[in-house]
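Down below is the structure, laid out as structure tokens.
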Amino acid sequence: MPRHRFERALYRGMLAALLLATAVAAPAAAHHGPPYPSGPDHEHGEMVQYPMVFPVDGPNSFTDTFYASRCCDPGEIHHAADIMAAKMVPILATNSGTIRYINWSSNPDNPYPGNCCSMVIDHDDGWSTWYIHLNNDSPGTDDGQGWGIADGLVPGVHVSAGQLIGWVGDSGNAEGTSPHLHLELIDPHGVRVNPYQALLDAEAGAAIPCEQTDVVCRIYGADRYATAAAVSQDSFPGGAGIVFIATGSDFPDALAGGAVAARLGAPLLLVGDDHLPSSTTAELARLEPSQIVLLGGTAAISETVEQALAGYGQVIRLAGASRYSTAVEVSKFGFGDGAPVVLVATGRSFADALAGGPAAAALGGPVLLTEPDALPGVVLDEITRLDPAEILILGGTGAVSAEVEAILGAVAPTRRVAGGNRYSTAAAISALAFGPEVPHVYLAVGNNFPDALAGSAAAGLADSPLLIVEPGSLPGVIASELLRLLPQRVTLLGGGGIISTAVQLAVMDLLD
């Protein structure tokens with residue numbers, strides 16, 4: 001079988017990439033009545049994209065039943081996914097972690113007789129899963145005398161993602177229903193989130209561990225913060241001396257930061273405006289940086305977050321009075337002695353500058369931002385200081401006007417890199433900066449920015465382009481650029497709800 005066909009076949013059943021952090025406990029019980037609390041990272045019932053192995057290893061069906069009412073408790077909701085399958089279909093651990101709690105069936109030491117069979121696993125990254133209604137019947141009977149837990153599993157045992165932990169059944173209060181697995185997914189703050197999208201992604205094989213393939217894989221986490229942390233883990237397995245931090249709720253500060261982060265060998269992580277996500281703190285603890293660079297003022301990253309970050313390294317802040325002056329401060333930080341080239345993109349949109357970040361890193365210059373119809377004076381002053389041999393304008397005249405181009409042309413020779421839309425502009429930027437047979441290409445969705453922010457820095461570090469795609473389709477111009485580049489590896493940034501499995505398969509077919 002050709003290599004790519006084998007990997008595409010393998011892809012459909014591969015395990016999800018995992019994040020590593022510290023386990024957080026939550027009380028174990030089969031029912032949880034209102035009120036249903038939310039937390040700093042997620043709302044109760046929020047649909048998340050969380051990398052996992054699909055837990056039922058056999059024919060099954062499931063729908064989004066998170067907010068279904070319960071039969072006997074009108075005020076209580078389901079807050080789980082029910083995966084319907086026959087008794088004795090194997091159940092797998094969705095993620096690596098430590099077993100915290102088990103109810104046994106025929107175990108004579110069962111401290112909860114008549115209340116079985118279930119399991120709670122605390123993941124290595126602080127999340128947890130509950131597996132309820134495991135089998136308690138001898139095969140072919142309904143006698144309640146079966147063994148619902150795989151051999152050797154007791155509280156305190158560490159299991160691996162994809163490991164057999166039990167079998168589908170109808171134990172507990174499911175005796176009167178069809179056999180199924182009741183699966184709950186809980187974030188590190190104890191918030192029950194909706195696992196439906198994560199299950200869809202896992203069922204489709206949407207998350208291929210990047211270390212297990214040299215063709216097409218996907219990196220994502222439960223949210224934009226966890227995705228950035230996962231990108232960092234992939235690019236910096238041994239830690240990093242310097243880390244860039246940007247807000248995850250807006251794009252301008254990170255646009256300029258990506259190229260400089262790549263130049264300095266640093267990952268780019270995301271924080272909330274006024275809170276520090278657990279996935280970010282876990283990654284900072286793993287990276288062990290000596291310096292943390294904040295991008296943007298206190299309106300972007302609060303002093304509270306800055307103080308919290310000080311526990312992970314020496315913190316400095318690069319900020320100006322606007323997104324344009326902040327980009328200038330970032331440029332000064334990374335290019336104190338000037339630069340051979342400057343890339344200029346609109347500060348009102350993200351697509352052109354995101355694709356420009358890795359190109360800027362490859363060409364040895366910064367990304368600066370401008371208003372579409374007016375070049376801020378602080379930007380003109382910085383370009384004059386940098387004294388480049390060439391200025392590259394990213395995007396058409398709707399993004400950066402001819403008037404701005406004329407002002408830039410008076411400073412240095414100017415060239416416009418543009419296509420008919422954001423996708424063709426990204427392809428043109430890639431074609432300018434990267435030759436064929438690049439080691440790597442990153443793909444991000446072109447209609448939203450969070451997943452691409454960290455990816456732009458990672459692509460620059462890997463001397464590789466970042467291209468953008470439609471959520472559900474591969475634009476022809478991007479397909480053509482991929483064929484020209486012929487990369488050894490393509491990494492999609494974001495889960496299946498961001499970039500569909502159809503896009504992933506299209507890339508695999510293209511490079512077959």
Side-chain angles (χ1 to χ4, degrees), residues 244 252 254-266 295 318 320 323-347 349 351-397 399-419 424-436 438 456-457 459-467 481 484-485:
F244 280 55
L255 295 180
V260 175
R263 176 179 174 84
L264 299 180
L295 303 176
L318 303 178
R323 63 188 63 189
Y324 308 104
S325 53
T326 292
V328 166
E329 294 303 313
V330 173
S331 173
K332 290 178 179 178
F333 183 76
F335 297 89
D337 297 328
V341 63
V342 172
L343 284 69
V344 177
T346 176
S349 187
D352 297 341
L354 283 175
L363 297 171
V367 173
L368 293 174
L369 306 178
T370 181
E371 290 278 9
D373 297 319
L375 182 67
V378 67
V379 177
L380 179 60
D381 291 343
E382 175 63 2
I383 294 174
T384 302
R385 182 193 71 82
L386 290 166
D387 191 25
E390 184 177 35
I391 299 171
L392 300 176
I393 298 174
L394 307 181
T397 54
V400 180
S401 68
E403 290 77 11
V404 170
E405 182 178 6
I407 296 171
L408 293 170
V411 178
T414 301
R415 185 168 26 148
R416 187 180 291 272
V417 186
S424 53
T425 292
I429 293 169
S430 171
L432 174 71
F434 300 97
V438 294
S456 182
L461 178 75
D463 196 24
S464 302
L466 184 146
L467 298 173
E481 179 61 6
R484 186 191 70 85
L485 291 166

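What you are looking at is a predicted structure, and each value in this text was computed from that prediction instead of being measured.
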Taken to the nearest 0.5 Å, the spacing of Glu481 CD from Ser424 OG works out to 11.5 Å

Tightest non-hydrogen contact, residues Val367 and Ala353, listed as CG1-CB, 4.3 Å

Side-chain contact test, heavy atoms from C-beta onward, threshold under 4.5 Å: evaluate it for Thr326 versus Pro252 and give yes or no. no

If you compare all heavy atoms of Gly257 against all heavy atoms of Leu295, which two are closest, and at what distance to 0.1 Å? CA-CD1, 3.8 Å

Quick check: closest heavy atoms across Pro358 and Phe434, and the distance to 0.1 Å? O-CZ, 3.6 Å

Show me the donor-acceptor pairs, under 3.5 Å and distance only, between side chains in residues 387-397 and residues at least two apart or in other chains.
| residue | atom | partner | partner atom | Å |
| --- | --- | --- | --- | --- |
| Glu390 | OE1 | Arg415 | NH2 | 3.1 |
| Glu390 | OE2 | Arg415 | NE | 2.8 |
| Glu390 | OE2 | Arg415 | NH2 | 3.0 |

For Gly365, is there any backbone N or O sitting under 3.5 Å from a side-chain donor or acceptor partner on Arg263? no

Has Ser349 got a side-chain atom pairing as donor or acceptor with Gly347's backbone, closer than 3.5 angstrom? no

So which heavy atom on Tyr324 is nearest to which on Glu371, and how close? OH-CD, 3.1 Å

At what distance, to the nearest 0.5 angstrom, does OG of Ser401 lie from CG of Asp373? 4.5 Å

Can you confirm whether Arg416 sits close enough to Val400 that some side-chain heavy atom of one is under 4.5 Å from a side-chain heavy atom of the other? yes

Which residues pass the side chain to side chain contact (heavy atoms under 4.5 Å, CB included) test with Ala399, not counting sequence neighbours? Thr346, Asp352

Rounded to the nearest 0.5 Å, how far apart are CD of Glu382 and CD of Glu329? 8.0 Å

Close side-chain approach of Val344 to Ile383, heavy-atom, < 4.5 Å: yes

So do Thr425 and Val417 actually touch side chain to side chain, heavy atoms under 4.5 Å? no

Is there a side-chain contact between Leu368 and Thr370, using heavy atoms and a 4.5 Å cut-off? no

Here the gap from Leu363 atom CG to Ile429 atom CD1, rounded to the nearest 0.5 Å, amounts to 10.5 Å

Least distance between heavy atoms, Ser430 atom then Pro465 atom: OG-CB, 3.5 Å

At their closest point, which heavy atom of Gly364 faces which heavy atom of Pro340, and how far apart are they? O-CD, 3.3 Å

Side chains of Pro366 and Val342 in contact at under 4.5 Å (non-hydrogen atoms): yes

Once rounded to the nearest 0.5 Å, what's the spacing between atom CG of Leu375 and atom CG of Leu369? 11.0 Å

